[in-house]
Chemist: 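One structure, as structure tokens, below. Some questions next.
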2 protein chains.
Amino acid sequence: MRLSTKGRYGLKAMFDLALNVGEGPVALNSIAERQNISVHYLEQLFSNLRKAGLVKSIRGAQGGYILADQPYNITVGDIIRTLEGPLAPTECVSSDDSTECSKADCCVTRTIWEKIRDSINTVVDSITLQDMLDDYKKLQNSDSFMYYI
Amino acid sequence: MRLSTKGRYGLKAMFDLALNVGEGPVALNSIAERQNISVHYLEQLFSNLRKAGLVKSIRGAQGGYILADQPYNITVGDIIRTLEGPLAPTECVSSDDSTECSKADCCVTRTIWEKIRDSINTVVDSITLQDMLDDYKKLQNSDSFMYYI
DNA sequence: AAAATTCCAAGTAAATTGCTCAGAATTCAT
DNA sequence: ATGAATTCTGAGCAATTTACTTGGAATTTT
């Protein structure tokens, strides 16, 4: 039940864009350096984020990526589902695949998978990039901030 | 973010034991037949379930497995965590591994991983095998039961 | 024209998953 | 006592997935 690096790197990178909102495009190599991720791997992630309409690209020198919307309009769920696919513990409760399970016992477990799925999605859909920015600013002002650098 | 077959098969198999509670040991090959799973693979899962104290084994002919406790004392969380390891979206919030992340940005995402982890565990810890038995009996009495066989 | 960037398509090594295979140990039934 | 039924143990392995790398084309700014 682990997220892959796609979801983790992707959320970090999107948060990085949110930190730079309003300051022009951010190049992937600067994100790659800060987060210690390969540029080419980030390219793959941003290809998907762009196709999903979460970021806009500006090509050429001094180009890069910007958020396609305000931080309060982009949720963690949008980002992670784009990169990881549906957040569901089993295929049978992944909404985008409509194959229904035909066994009785599956149905007893199915309600469990649905509850897990819904709880995960409720959490990630309730958090926006703006919430993360707010948390980050609070962290910076707190006494414990040092420990996290 | 998918469970592996370990968690899925294991929960099914434990529910199977719960259905047969009080009727002597259930042999793995009978579970394997009902659930269409390889006996040898089930053996591996039950080896872990036994070591975790969730089932008791009775060796020899007419042997098999029984639940180590009443169905209302065994949660879905107990079963799935035994077979899948900690239910956490990232390593950095898996409680049994104490390596702390040292980067500032990780902490903004960390609180998100913690919320996901806690929501999953709250769900699975709130459901016992007895709850599943109750659900199953309700399903059997309902009009729609036919559709699930 | 050169540099900086995004964009695109393959390839690939390592890890994980989902088993299979082989056989020993134990217990029950006859 | 023997044979059948079962758990127990450990190794092996093919397919899939993951986490990248490689190579280069296209676009834009300076």
Side-chain angles (χ1 to χ4, degrees), chain A residues 1-13 16-17 20 24-68 80 83-86 89-91 94, chain B residues 1-13 16-17 20 24-68 80 83-86 89-91 94:
Chain A
M1 281 288 283
R2 293 282 162 84
L3 286 175
S4 72
T5 54
K6 289 178 192 171
R8 287 186 285 122
Y9 291 177
L11 183 57
K12 278 181 166 195
D16 205 312
L17 288 194
N20 290 283
V26 180
L28 288 190
N29 63 41
S30 73
I31 298 179
E33 247 174 55
R34 275 192 292 278
Q35 312 283 3
N36 201 31
I37 307 172
S38 128
V39 178
H40 277 297
Y41 195 45
L42 271 182
E43 282 173 355
Q44 290 173 28
L45 307 185
F46 273 80
S47 170
N48 289 322
L49 292 168
R50 184 175 59 82
K51 285 170 193 160
L54 297 177
V55 299
K56 287 177 184 163
S57 67
I58 291 122
R59 300 185 68 171
Q62 272 61 50
Y65 289 89
I66 56 172
L67 294 182
I80 298 184
L83 296 168
E84 300 267 347
T90 62
E91 206 186 356
S94 293
Chain B
M1 281 289 281
R2 293 282 162 86
L3 286 175
S4 71
T5 53
K6 290 178 193 171
R8 287 186 285 123
Y9 291 177
L11 183 57
K12 277 181 166 194
D16 206 312
L17 287 195
N20 289 283
V26 180
L28 288 191
N29 63 40
S30 74
I31 298 180
E33 248 174 55
R34 276 193 291 279
Q35 311 285 1
N36 201 31
I37 307 171
S38 128
V39 178
H40 277 296
Y41 196 45
L42 271 182
E43 281 173 354
Q44 290 172 28
L45 306 185
F46 273 81
S47 169
N48 290 323
L49 292 169
R50 184 175 58 81
K51 285 170 193 160
L54 296 177
V55 299
K56 285 177 184 165
S57 66
I58 291 121
R59 300 185 70 170
Q62 272 62 51
Y65 289 90
I66 57 173
L67 294 182
I80 298 184
L83 296 169
E84 299 267 346
T90 62
E91 206 187 355
S94 292

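Here is the naming used below: chain letters follow the sequence lines, and residue numbers restart at 1 for every chain. Side chains are part of it too, since the values below use all heavy atoms of this structure and drop only hydrogens, waters and symmetry mates.
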Chemist: Select base, sugar-phosphate, or nothing to describe what A:E43 touches, counting heavy atoms under 4.0 Å on all strands.
Modeler: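 Base, at least one base atom sits under 4.0 Å.
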Chemist: For residues A:P89 and A:M1, determine if any side-chain heavy atom of one lies less than 4.5 Å from a side-chain heavy atom of the other.
Modeler: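 Yes; the side chains approach each other to less than 4.5 Å.
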Chemist: Keeping A:S57 on the side-chain end and A:R59 on the backbone end, is there a donor-acceptor pair under 3.5 Å?
Modeler: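 Pair absent, no side-chain N/O of A:S57 close to backbone of A:R59.
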Chemist: Are B:I31 and B:I37 close enough, and set up right, to give a side chain to side chain contact (heavy atoms under 4.5 Å, CB included), and what steps lead you there?
Modeler: CA-CA 8 Å; B:I31 298 180; B:I37 307 171; 5.6 Å; no
Chemist: In whole angstroms, how far is the C1' atom of C:dT16 from the CD atom of B:E91?
Modeler: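 The answer, rounded to whole Å, is 14 Å.
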Chemist: Between atom CD1 in A:I66 and atom P in C:dT6, what is the gap in whole Å?
Modeler: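 Distance check: A:I66 CD1 to C:dT6 P gives 13 Å.
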Chemist: In whole angstrom, give the distance that lies between atom OH of A:Y41 and atom P of D:dT22.
Modeler: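 In whole Å, D:dT22 P lies 16 Å from A:Y41 OH.
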Chemist: OP1 or OP2 of D:dT21 versus the side-chain N and O atoms of A:S38: is any pair under 4.0 Å?
Modeler: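 So the side chain of A:S38 is within the cut-off, an N or O lying under 4.0 Å from OP1 or OP2 of D:dT21.
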Chemist: Tell me whether B:E33 at atom CD has more than 12 heavy atoms from other residues, nucleotides or ligands lying less than 6.0 Å away.
Modeler: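 For B:E33, atom CD is not crowded (no more than 12 foreign heavy atoms under 6.0 Å).
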Chemist: Looking at residues 45-58 of chain B, who's got a heavy atom less than 4.0 Å off DNA chain D?
Modeler: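 Heavy-atom contacts with DNA chain D come from B:R50, B:S57, B:I58.
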Chemist: Quick check: on DNA chain D, is the nucleotide nearest A:Q44 upstream (toward 5') of the one nearest B:V39, or the reverse? Name the residue that is more 5'.
Modeler: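 This one resolves to B:V39.
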Chemist: Can you tell me if A:S4 touches the phosphate of D:dA19, counting only side-chain N or O atoms and a distance under 4.0 Å to OP1 or OP2?
Modeler: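 Yes, because at least one side-chain N or O of A:S4 sits under 4.0 Å from OP1 or OP2 of D:dA19.
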Chemist: What nucleotide among C:dC8, D:dC20, C:dA22 has an atom nearest to a side-chain atom of B:H40?
Modeler: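 Closest of the options to the side chain of B:H40: C:dA22.
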Chemist: Please give, in whole Å, the distance from C:dT20 C1' to B:Y9 OH?
Modeler: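 My rounded result for the distance is 14 Å.
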Chemist: For B:R2 and C:dG18, what is the distance between atoms CZ and P respectively, to the nearest whole Å?
Modeler: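 Rounded to the whole Å, the gap is 12 Å.
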Chemist: Are any of the side-chain heavy atoms of B:R2 and A:P86 separated by less than 4.5 Å?
Modeler: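 B:R2 vs A:P86: side chains touch.
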Chemist: Rounded to the nearest 0.5 Å, how far does OG1 of A:T90 lie from CZ of B:R8?
Modeler: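 If I round to the nearest 0.5 Å, the distance is 7.0 Å.
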Chemist: Are B:Y65 and D:dT6 close enough that a side-chain N or O sits under 4.0 Å from OP1 or OP2?
Modeler: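 Looking at the OP1 and OP2 atoms of D:dT6, neither is under 4.0 Å from any side-chain N or O of B:Y65.
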Chemist: Can you tell me the distance, in whole Å, between the CG atom of A:L17 and the C1' atom of C:dT6?
Modeler: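 Taking atom C1' of C:dT6 as the reference, CG of A:L17 is at 14 Å.
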Chemist: Assign the ring pair A:Y41 / A:Y9 to parallel, tilted or perpendicular, where the plane angle (0 to 90°) is split at 30° and 60°.
Modeler: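 If you compare the ring of A:Y41 with that of A:Y9, the planes turn out perpendicular.
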Chemist: What is the distance from CG of A:L3 to P of D:dT17, rounded to the nearest Å?
Modeler: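 Roughly 17 Å, once rounded to whole Å.
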Chemist: Measure the distance from CD on A:Q62 to C1' on D:dT30 and round it to the nearest whole Å.
Modeler: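 Going from CD in A:Q62 over to C1' in D:dT30 covers 8 Å.
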Chemist: Is there a side-chain polar atom (N or O) of A:N29 under 4.0 Å from OP1 or OP2 of C:dA4?
Modeler: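 So the side chain of A:N29 is outside the cut-off, no N or O lying under 4.0 Å from OP1 or OP2 of C:dA4.
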Chemist: So which one's nearest nucleotide on DNA chain D is more toward 5', A:A61 or A:R8?
Modeler: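 By nearest-heavy-atom nucleotide position, the 5'-most residue is A:R8.
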Chemist: Between the base of C:dT26 and the side chain of B:R59, is there any donor-acceptor pair under 3.5 Å?
Modeler: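 Such a pair does not exist between side chain and base.
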